[in-house]
Amino acid sequence: MSSIAIKTCAERSKNSAHLPLLAVAGLAAATATFRREEEEKTQNFFFKGDKKESVADMKAKFSTYWPRNIMILFGPPGAGKGTHGPKVENMLGIPQLSTGDMLRAAVAAQTEVGKKAQAVMKAGGLVSNDIVIGIIRDRIKEKDCNLGFILDGFPRTLEQAKALDKMLADEGAAVSKVVELEVPDSVLEERICGRWIHKKSGRSYHVKYAAPKSMKLSSDSKPIPETMLDDETGEPLMQRGDDTPTALVKRLKGYHGETVPILNHYKPNGVVASVNANQQMDGVWGEILEALKRS
Ligand code: AP5
């Protein structure tokens, strides 16, 4: 179960009235993919001595023999995991796996998992370990995770961390980096309650720190909901049901009580790096880049 799979199905049914157009688009996409694969086969790289290898061969070799790059983006609600995760994903070419996004997709699709998770998520509690461990176990077997992945929102309890270690140990791998985004609790309410998101893409906005271009304010300086539109698609933005001051109290309690101990679990392995996430976004990104480097 992944949000991507759900999106693809939804898009398919929405577009069924435009089949001829889709056939042309599909053909164009298939041709582009074929060309890219052909290019990868013919592009040569020098690798060790004078031996030449194609990009496709290199990829296959990395997927088979190199350990996967497994990172955890760690931090309280509103720390910036969803803001910076996609940038790490773009830079390293490995997917960001957000258990929060996957669970929200399951709720929207009203799957069995979604029905079980819905109420506890809205109240700011944690979904059961069994459910999220199962979701991650399945997701990391997918092909796009061959070279590694970025975990956002998982693990959230010691039990989840130990289950993750076990899954990885079974293939001789281990968590390679934990990037902790540090933000004091006092800053988080403003961040969480000012957040608006584009549901389809997960793009995150903020009324004060990252406002959409279309935003207009009412006479009492509050954003007018109809003017909150995604910069790229023009589609309406929404606020999450758990982004309320009341739910945030519970989310922070869970974070400090159950999630923070995970840092001590990984520290002896020398993989934890802390970043000051209570500064302007560019500054945070610069520190994340430093943290991701090999130590
Ligand atoms: P999840 O979706 O993971 O929520 P979360 O951890 O509470 O994290 P957020 O998405 O709220 O924060 P973020 O760090 O991504 O913040 P963002 O970058 O958007 O989980 C939701 C729920 O699902 C959980 O409560 C639980 O019920 C369930 N769940 C998920 N995983 C689970 C698991 N493993 N086990 C059990 N249950 C699980 O930033 C926030 C705002 O701040 C944005 O508007 C952004 O623009 C702004 N901002 C970011 N950085 C800055 C900055 N430097 N300066 C100013 N503004 C900033």
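Counting begins at 1 with the first residue of the sequence. Whatever order the structure lists ligands and atoms in, that order sets their numbers, starting from 1.
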Output yes when the distance from some N or O of ligand 1 to some N or O of L126 is under 3.5 Å, and no in every other case. no
Polar-atom distance check: P155 versus ligand 1, any N or O pair below 3.5 Å? no
Quick check: T99 and ligand 1, any N/O pair under 3.5 Å apart? yes
Is it true that K199 and D230 make a salt bridge, defined as a side-chain N closer than 4.0 Å to a carboxylate O? no
Neighbour count above 12 (heavy atom, 6.0 Å) for E159 CD: no
Please confirm whether A277 approaches ligand 1 to less than 4.0 Å, judged on its heavy atoms. yes
Within the 4.0 Å heavy-atom cut-off, what W196 brings close to ligand 1 is neither
How are the rings of W285 and H84 set to each other: parallel, tilted or perpendicular (split at 30° and 60°)? parallel
Could a heavy atom of Y255 be found less than 4.0 Å from some atom of ligand 1? no
From S204, C193, G153, G80 - option closest to atom 34 (N) of ligand 1 by heavy atom: G153
Checking H198 now: which residues fulfil ring pair (Phe, Tyr, Trp, His ring centres under 6.0 Å) with it, not counting sequence neighbours? none
Winner among G124, A211, G125 once heavy atoms are compared against atom 27 (O) of ligand 1: G125
Measure from atom 24 (C) of ligand 1 to every heavy atom in M121, R156, E159 and give the option owning the shortest one. R156
Restricting to heavy atoms, the pick from H206, Q279, R240, R195 nearest atom 16 (O) of ligand 1 would be R195
Is R104 in contact with ligand 1, taking contact as a heavy-atom separation below 4.0 Å? yes
Which residue from R251, M102, R191 reaches closest to atom 54 (N) of ligand 1 through any of its heavy atoms? R191
Electrostatic pair K162-D165, nearest N-O below 4.0 angstrom: no
For the 3.5 Å polar cut-off, considering only N or O atoms, please tell me whether Y209 and ligand 1 meet it. no
Ionic contact status for K166 with D170, cut-off 4.0 Å: yes
Are I131 and ligand 1 in contact, using a heavy-atom cut-off of under 4.0 Å? no
Take I262 and Q160 through the side chain to side chain contact (heavy atoms under 4.5 Å, CB included) test and state the conclusion after the steps. CA-CA 9 Å; I262 292 173; Q160 291 178 18; 5.9 Å; no
Is S98 close enough to touch ligand 1? Criterion: a residue heavy atom under 4.0 Å from a ligand atom. no
Of the side chain and backbone of V132, name the one, both, or neither that has a heavy atom under 4.0 Å from an atom of ligand 1. side chain
Salt bridge or not for R139 and D144, using N-O below 4.0 Å? yes
Under 4.0 Å from ligand 1, counting heavy atoms only, is it the side chain of V284, its backbone, both or neither? side chain
